[in-house]
Protein chains: 2
Amino acid sequence: MKTPTRKEEIIKSAAKLFLERGYSAVTMRDLAKELGIKAASLYNHISSKHEILESLIISVAEEFTVGMNQIFLSEISTLEKVEQVIHLHIDVTVKNQDALGSLNNDWMHLEGKALPYFEQMRNQYEENFRQIIKTGIVEGSIAARDPEILLFSVLSTLRTLYLWYPKKNSIDMQTLKADMTATMLASIRA
Amino acid sequence: MKTPTRKEEIIKSAAKLFLERGYSAVTMRDLAKELGIKAASLYNHISSKHEILESLIISVAEEFTVGMNQIFLSEISTLEKVEQVIHLHIDVTVKNQDALGSLNNDWMHLEGKALPYFEQMRNQYEENFRQIIKTGIVEGSIAARDPEILLFSVLSTLRTLYLWYPKKNSIDMQTLKADMTATMLASIRA
DNA sequence: AGATTAAACTAACAAACGTTAGTTTTGTAT
DNA sequence: ATACAAAACTAACGTTTGTTAGTTTAATCT
């Protein structure tokens with residue numbers, strides 16, 4: 001457990017506030033107050049408000065991308081792939097709880113190359129998942145319904161987990177993973 | 001198809017912009033430009049930016065509440081209730097597409113009594129749904145998994161529909177309703 | 001003790017914010 | 001044509017915004 005740099009502390013606090021109120025509604029003075037300092041002091045560590053948003057979103061998005069690519073290319077059954085994607089999503093969400101808020105709701109405020117970069121990662125992630133589902137339907141392991149609806153159904157639940165998990169930390173990780181996987185697999189299984 | 005008042009046009013445009021960028025990131029000048037007028041002119045029709053948000057969110061929330069109460073009290077089977085809730089959610093979402101963005105992401109910017117009022121409606125809606133699910137588990141019609149996870153899974157999908165529906169309007173309403181209901185019932189059914 | 005460095009500070013900026021007051025334009029009904 | 005109402009306008013207000021420049025404090029190392 002290494003001690004975080006001041007920059008990391010700032011980003012962490014920002015993530016928390018962005019989650020509560022959204023990126024645009026959080027001012028640099030709000031963020032400074034949360035840390036017990038003055039707004040101008042933040043700029044000794046970060047170069048802009050946008051930089052904070054960018055580092056929050058892009059690092060998590062890359063984590064998703066790397067994980068998904070690995071699963072997509074691995075030699076396991078379709079249903080096992082779906083299961084792994086679910087586990088990946090849960091793990092990344094739990095690890096980056098607050099940042100998930102920005103990733104889901106404030107990605108459109110990314111600037112410059114960061115925006116198309118993020119969108120490309122997001123599209124590819126969805127496309128990989130779509131391919132897995134379509135393959136499952138052809139194979140007969142996944143229900144023969146509109147693949148778009150199956151994809152949307154599973155992805156919605158996964159993407160909203162960040163809102164629920166904090167409230168329900170009475171549930172332990174093991175049960176959460178098992179029950180979520182069971183529920184979501186049941187929804188798409190043939 | 002009665003012609004909308006200017007106020008209604010303003011609120012509708014606002015809903016669209018709030019959906020795209022979030023409430024806090026949309027300025028009154030943005031909104032005015034969208035309507036081809038100057039910002040000050042908006043105040044001939046509305047009294048504040050907050051009033052727009054409030055009328056957007058509260059009216060839809062009440063629609064959800066009324067619908068849910070009706071279903072909750074009706075004399076039908078548990079699974080039929082779940083099915084009706086799903087249909088309610090789809091209908092309200094399709095009818096108020098843009099407003100759903102604010103309801104989901106900007107409710108925390110409500111002011112005064114509107115905030116606790118909204119929160120109470122939201123909690124009661126969830127509580128009613130929770131009761132339906134718990135009853136189903138006791139009866140044996142719904143899978144014996146953690147009811148919180150079942151609730152969260154279904155509700156997440158329903159609440160995110162507003163993001164998906166606009167992109168997939170190739171799918172007709174009939175298929176959408178049928179496939180969504182099938183998918184979500186499959187995820188919780190015993 | 002003196003030097004160095006990290007991290008805070010004060011003060012201020014130009015731009016953008018929501019909103020107000022008062023005035024002019026536009027369309028409709030007399 | 002005149003009167004009336006609806007809806008636009010210009011101009012400006014006090015605040016808040018993200019950010020900069022320059023300075024002071026606090027802790028660490030030689």
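Computation of the quantities below employed the complete heavy-atom set of this structure, encompassing side-chain atoms and omitting hydrogens, waters and symmetry-equivalent molecules. Note on naming: letters A, B, ... go to the chains in the order of the sequence lines (proteins, then strands), and numbering restarts at 1 for each one. Fair warning: this is a prediction, and the values are worked out from it, not measured in the lab.
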Engineer: Between A:E51 and A:S48, is there a side-chain donor-acceptor contact under 3.5 Å, judged purely by atom types and distance?
Structural biologist: no
Engineer: For nucleotides 4-8 of chain D, which of its nitrogen or oxygen atoms have a protein nitrogen or oxygen under 3.5 Å away, and what is each distance?
Structural biologist:
from: D:dA8; atom 1: OP1; to: B:R6; atom 2: NE; distance (Å): 2.6
from: D:dA8; atom 1: OP1; to: B:R6; atom 2: NH2; distance (Å): 2.8
from: D:dA8; atom 1: OP2; to: B:H45; atom 2: NE2; distance (Å): 2.9
from: D:dA8; atom 1: N7; to: B:N44; atom 2: ND2; distance (Å): 2.4

Engineer: Residues in side chain to side chain contact (heavy atoms under 4.5 Å, CB included) with B:L150, at least two apart?
Structural biologist: A:T183, B:I133, B:I137, B:I142, B:R145, B:I188
Engineer: Is it true that, when you exclude B:K16 itself, more than 12 heavy atoms of the residues, nucleotides or ligands shown sit nearer than 6.0 Å to its NZ?
Structural biologist: no
Engineer: Charged N to carboxylate O under 4.0 angstrom, B:E9 versus B:R6?
Structural biologist: yes
Engineer: Atom pairs under 3.5 Å, N or O on each side, protein against nucleotides 19-21 of chain D: can you list them with distances?
Structural biologist:
from: D:dT19; atom 1: OP2; to: A:Y43; atom 2: OH; distance (Å): 2.6
from: D:dT19; atom 1: OP2; to: A:K49; atom 2: N; distance (Å): 2.8
from: D:dT19; atom 1: O5'; to: A:Y43; atom 2: OH; distance (Å): 3.3

Engineer: Give the rounded distance in Å between these two atoms: CD of A:E9 and P of C:dA6.
Structural biologist: 16 Å
Engineer: Report the relative orientation of the aromatic rings in A:H89 and A:Y125; use parallel for angles under 30°, tilted for 30 to 60°, perpendicular for over 60°.
Structural biologist: perpendicular
Engineer: Please verify the inter-ring angle class for B:H50 with B:Y23; under 30° counts as parallel, over 60° as perpendicular, anything in between as tilted.
Structural biologist: tilted
Engineer: For B:E8, does its backbone N or O pair with a side-chain atom of B:H45 as donor and acceptor, under 3.5 Å?
Structural biologist: no
Engineer: Tell me the interatomic distance from A:K33, atom NZ, to C:dA8, atom C1', rounded to whole angstroms.
Structural biologist: 17 Å
Engineer: Under the salt bridge (charged side-chain N to carboxylate O under 4.0 Å, His left out) rule, what do A:E119 and A:R122 come out as? Steps first, then yes or no, please.
Structural biologist: CA-CA 5 Å; A:E119 286 177 316; A:R122 181 156 172 142; over 6 Å; no
